[in-house]
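Indexing begins at 1, ligand by ligand and atom by atom, following the structure's order.
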Amino acid sequence: MTRILIVNSGPYGTHSHGYRLAKQMIAHAGWDRVEITERDLVRTPIAPIGPDYARAITSNQPHDAAAFAESETLIAELEQHDVLFIVPPMHNFTVPAALKLWIDHVIRINRSFTATPQGKVGSLKDRPTFVLVSSGGFHAGARAKQADFLTPYLTYALASIGIEDVQFLPLQGLVFGEEAVALAVDEAKHAFDAYLQAQHQRSPTAGSLG
Ligand SMILES: Cc1cc2nc3c(=O)[nH]c(=O)nc-3n(C[C@H](O)[C@H](O)[C@H](O)COP(=O)(O)O)c2cc1C
């Protein structure tokens, strides 16, 4: 069984290029008995950080404190899955606001990470994580003409809770018409196939990532 969590954070929900490609990739990957959970952070938004959560997170309150209820749900959801697909559009060079609120709820001291003299140490198990970053322009490679704060930020944020096996799959140039979209989708699929092939060479008999 491969339990996959899709974290969708774009305004177009299931119509977004990123989401539709994530579903195609999952169908194509050949993973063992796939079970998918979908969290749509726009259709079911997380409220902005209020004083109760801010106080609770900085005053070492117990995990069952009321202020942590939403954070507990989101961290438990992460714990229950073997593979993660994060599907963010790039919004002004970084993660969309909806995804930032999810990050603010899953990175929690003494729950998903521990503070040590050497820095934060993640408490969640590592697992294959794919980030399909869609952008209207170009944010990666030779064609990029804008800064990309999304990739380094999300890499660091996920590592802080223990998730380090992260593949970024850019889906870029989406405002330049149908041909550009088809090319972007092809490039992302190639990058995903290359990952699957490398994975297969490492363990040819594995039918599941879990
Ligand atoms: C508020 C906002 C900010 C955006 N900022 C950027 C940006 O910084 N760089 C960029 O290339 N595209 C930017 N875009 C375009 C989106 O990234 C693009 O429309 C989106 O990725 C489409 O992909 P999707 O169909 O998967 O949602 C922005 C769009 C919106 C709505």
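- Of the candidates His17, Met90, Arg20, the one placing a heavy atom closest to atom 14 (N) of ligand 1 is Met90.
- Distance alone, capped at 3.5 Å, is enough to place a donor-acceptor pair between the Arg20 side chain and the His15 backbone.
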**OP:** Test side-chain contact (heavy atoms from CB on, under 4.5 Å) on Leu124 and Ile75 and set out the steps.
**Re:** CA-CA 9 Å; Leu124 303 190; Ile75 294 171; 4.2 Å; yes
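- The aromatic rings of Tyr53 and His105 lie parallel to each other, with less than 30° between the two planes, well short of the 60° mark.
- Among His91, Lys145, His15, the residue whose heavy atom lies closest to atom 29 (C) of ligand 1 is His91.
- By the criterion of a heavy-atom distance under 4.0 Å, the side chain of Gln146, and not its backbone, is placed next to ligand 1.
- Protein heavy atom at the shortest distance from atom 20 (C) of ligand 1 is Pro89 CB, 3.9 Å.
- Heavy-atom neighbours of His63 NE2 from other residues, nucleotides or ligands within 6.0 Å: above the threshold of 12.
- Of the protein's non-hydrogen atoms, Ser134 OG, 2.8 Å is the one closest to atom 26 (O) of ligand 1.
- In summary, the atoms of ligand 1 found under 4.0 Å from a heavy atom of Gly18, numbered by their order in the structure, are 26 (O).
- Under the 4.5 Å side-chain criterion, counting only non-hydrogen atoms from C-beta, Ile161 is in contact with Leu78.
- Between the choices Asn8, Asn92, Leu174, the shortest heavy-atom distance to atom 22 (C) of ligand 1 belongs to Leu174.
- No side-chain heavy atom of Val42 sits under 4.5 Å from any side-chain heavy atom of Asn8.
- For the pair Arg111 and Phe68, the cation does not sit on the ring face, since its NZ or CZ is not both under 6.0 Å from the ring centre and inside 45° of the axis.
- For atom 15 (C) of ligand 1, the choice among Ala144, Gly136, Gly173 with the nearest heavy atom turns out to be Gly136.
- Using a 4.0 Å cut-off between heavy atoms, Phe93 contacts ligand 1 through both its backbone and its side chain.
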